[in-house]
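The next block holds one structure in the form of structure tokens; read it before the comments.
Sequence lines set the chain letters: A, B, ... in the order given, protein chains first and strands last, and positions in each chain run from 1.
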Protein chains: 2
Amino acid sequence: MSQQDKMIEELFHNADELTEKQKKIVAAAIESFAEKGFAATSTSEIAKKAGVAEGTIFRHYKTKKDLLMAIVAPTMAKLIAPFVIKDFNKVLNHDFDHFEDFIKAIIENRIKFLKNNMSLFRIVIQEIPFQPELREQFKEHIAQKIIERLRQIVEHYQAKGQIIEMPPDTIIRVTLSTIFGYIIARYLLAPEEEWDDNTEIERTIQFLMNGLSLEK
Amino acid sequence: MSQQDKMIEELFHNADELTEKQKKIVAAAIESFAEKGFAATSTSEIAKKAGVAEGTIFRHYKTKKDLLMAIVAPTMAKLIAPFVIKDFNKVLNHDFDHFEDFIKAIIENRIKFLKNNMSLFRIVIQEIPFQPELREQFKEHIAQKIIERLRQIVEHYQAKGQIIEMPPDTIIRVTLSTIFGYIIARYLLAPEEEWDDNTEIERTIQFLMNGLSLEK
DNA sequence: TATGAAAGTGAGTAATCACTCACTAATTTA
DNA sequence: TAAATTAGTGAGTGATTACTCACTTTCATA
């Protein structure tokens with residue numbers, strides 16, 4: 001089973017059962033959307049790549065944009081899944097006495113996820129600027145929830161005296177900048193270069209902790 | 001004359017040579033490309049917005065992609081202009097004894113530029129994933145030269161004992177992540193929120209310096 | 001095995017696409 | 001001023017677009 005197949009299966013594991021042809025449509029769409037972008041991909045091209053008639057696409061998805069949303073919405077949901085589980089704070093605070101351990105765990109977990117879903121991640125960040133519907137969904141349901149959670153986490157570790165006194169939103173911003181900066185550089189800007197991932201992640205965390213901790 | 005020089009030359013001198021209609025075409029194209037993306041913008045739409053006949057666009061630009069390139073290439077050149085001037089290192093090393101001052105100056109200068117050219121910046125980062133020609137140009141002529149320069153700067157301040165011993169490329173990566181993270185959050189993700197820019201930039205630099213300096 | 005519903009098909013459709021071209025208008029050059 | 005060059009036009013082009021629909025095939029259940 002290929003990487004793509006694994007990705008697709010994971011994505012729709014809990015969703016309604018899809019027919020073989022439907023799965024192939026989704027897989028073909030993901031491939032083309034990630035490579036050429038949503039607007040530059042035609043439905044005839046997707047049908048050809050998926051080995052189905054063009055009409056089959058519209059049997060399952062009312063419009064081309066519906067197909068995009070069917071791909072992107074569950075991806076965003078999965079991306080933030082670890083942040084919206086019940087008792088997120090409790091679990092974390094119990095498991096991680098130090099902010100550094102929390103950051104490490106989150107980074108490793110989410111990088112692993114994104115590594116296995118790079119095409120989907122590509123589509124999300126490439127289409128968010130162009131799809132108001134998608135942007136709205138991201139802002140209201142995704143970003144806000146995550147930031148609210150993260151704010152609590154930051155305040156918790158600030159109270160424990162582990163990270164500097166700075167507005168939590170600023171700390172969240174620079175932290176996410178650092179993490180996504182690594183992911184984008186590693187997997188999108190220079191994926192062909194040689195990367196010692198473990199070392200590079202360690203350095204990134206070192207920089208982050210230096211920047212945020214009270215003492216050295 | 002190098003590619004860059006030519007681009008810069010073109011940028012500064014060609015502006016006067018454009019006819020009124022041509023200027024309107026470029027302005028309309030920038031507006032639409034930034035808003036809807038290159039692929040989703042039609043030439044008829046640009047012509048209508050510019051108040052010219054559609055044929056006029058193709059009188060000056062052979063293809064729609066040529067129009068995009070005529071907009072984007074000089075923008076990239078302008079963005080990196082401060083990094084490719086002659087005696088870049090000398091000037092900087094003379095003026096800035098501390099890495100922090102250098103960072104401050106660059107951030108302020110480039111944020112000011114991007115603030116005034118946000119539509120163009122949008123187009124560049126939105127289209128780089130989809131235009132191989134653009135990506136190639138960016139990588140070969142832009143990114144490499146900048147990184148080479150920045151590497152020298154980083155090594156210089158490392159030798160002076162002002163920033164931590166870490167591979168210069170890693171330091172450049174986290175630094176650029178932090179800076180672009182601010183710009184993207186400030187002007188693209190949440191431009192409607194209230195921002196105390198001076199304070200927020202100060203905090204960002206504080207985080208950056210904490211993360212990169214040897215002592216506190 | 002019969003039947004209805006869902007899945008799948010592909011030719012067809014109107015609209016739109018990037019681009020052309022024969023032409024006129026304006027400007028530069030001789 | 002005359003000729004030559006450039007700027008501007010807009011109807012017209014074939015190709016492609018997202019999407020439809022009458023039809024056939026597949027398949028679960030009675």
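Checking the phosphate oxygens (OP1, OP2) of dA18(C), no side-chain nitrogen or oxygen of S44(B) falls inside 4.0 Å. Applying the 4.0 Å criterion to OP1 and OP2 of dA7(D), one finds that T56(B) has every side-chain N and O outside that range. Contact annotation: H60(B) does not reach the phosphate of dT6(D) (side-chain N/O to OP1 or OP2, under 4.0 Å). Phosphate contact (OP1/OP2 of dA18(C), side-chain N/O of T63(B), threshold under 4.0 Å): absent. Look at T19(A) and you'll find a side-chain N or O under 4.0 angstrom from OP1 or OP2 of dG8(C). A close approach under 4.0 Å does not occur between any side-chain nitrogen or oxygen of S42(A) and OP1 or OP2 of dT16(D).
A salt bridge is absent between E133(A) and K65(A); no separation between the charged side-chain nitrogens and carboxylate oxygens falls under 4.0 Å.
Protein atom CD1 of I25(B) is 12 Å distant from nucleotide atom C1' of dT9(D), rounded to whole Å. When rounded to the nearest whole Å, the span between CG of D66(B) and C1' of dC19(C) equals 12 Å. One interatomic measurement links the two molecules: CG of L18(A) to P of dA7(C), which rounds to 10 Å at whole-angstrom precision. Atom C1' of nucleotide dA18(D) and atom CD of E45(A) are separated by 14 Å, given to the nearest angstrom. If you measure from atom CD of E17(B) to atom P of dA7(D), you get 10 Å, rounded to the nearest angstrom. Whole-Å rounding puts the F58(A) CZ to dT17(D) P distance at 11 Å. The distance between atom NZ of K24(B) and atom P of dA7(D), rounded to the nearest whole Å, is 17 Å. A straight line from CD of E20(B) to C1' of dT27(C) spans 15 Å, rounded to a whole angstrom.
Mapping E54(A) and R59(A) onto DNA chain D by nearest heavy atom places E54(A) closer to the 5' end of the strand.
Between the side chains of E54(A) and S44(A), no donor-acceptor pair is found at a separation under 3.5 Å.
The side chain of K21(A) lies closest to dG8(C), out of dG8(C), dA7(D), dA18(C).
Remark: R110(B) qualifies as a cation-pi partner of F113(B) under the 6.0 Å distance and 45° angle criteria applied to the six-membered ring.
Between W195(A) and Y187(A) there is no side-chain heavy-atom pair separated by less than 4.5 Å.
The residue Q22(A) sits apart from the nucleic acid: no heavy atom pair falls under 4.0 Å.
When all heavy atoms are compared, the tightest approach of L67(A) to I57(A) is CD2-CG2, 4.3 Å.
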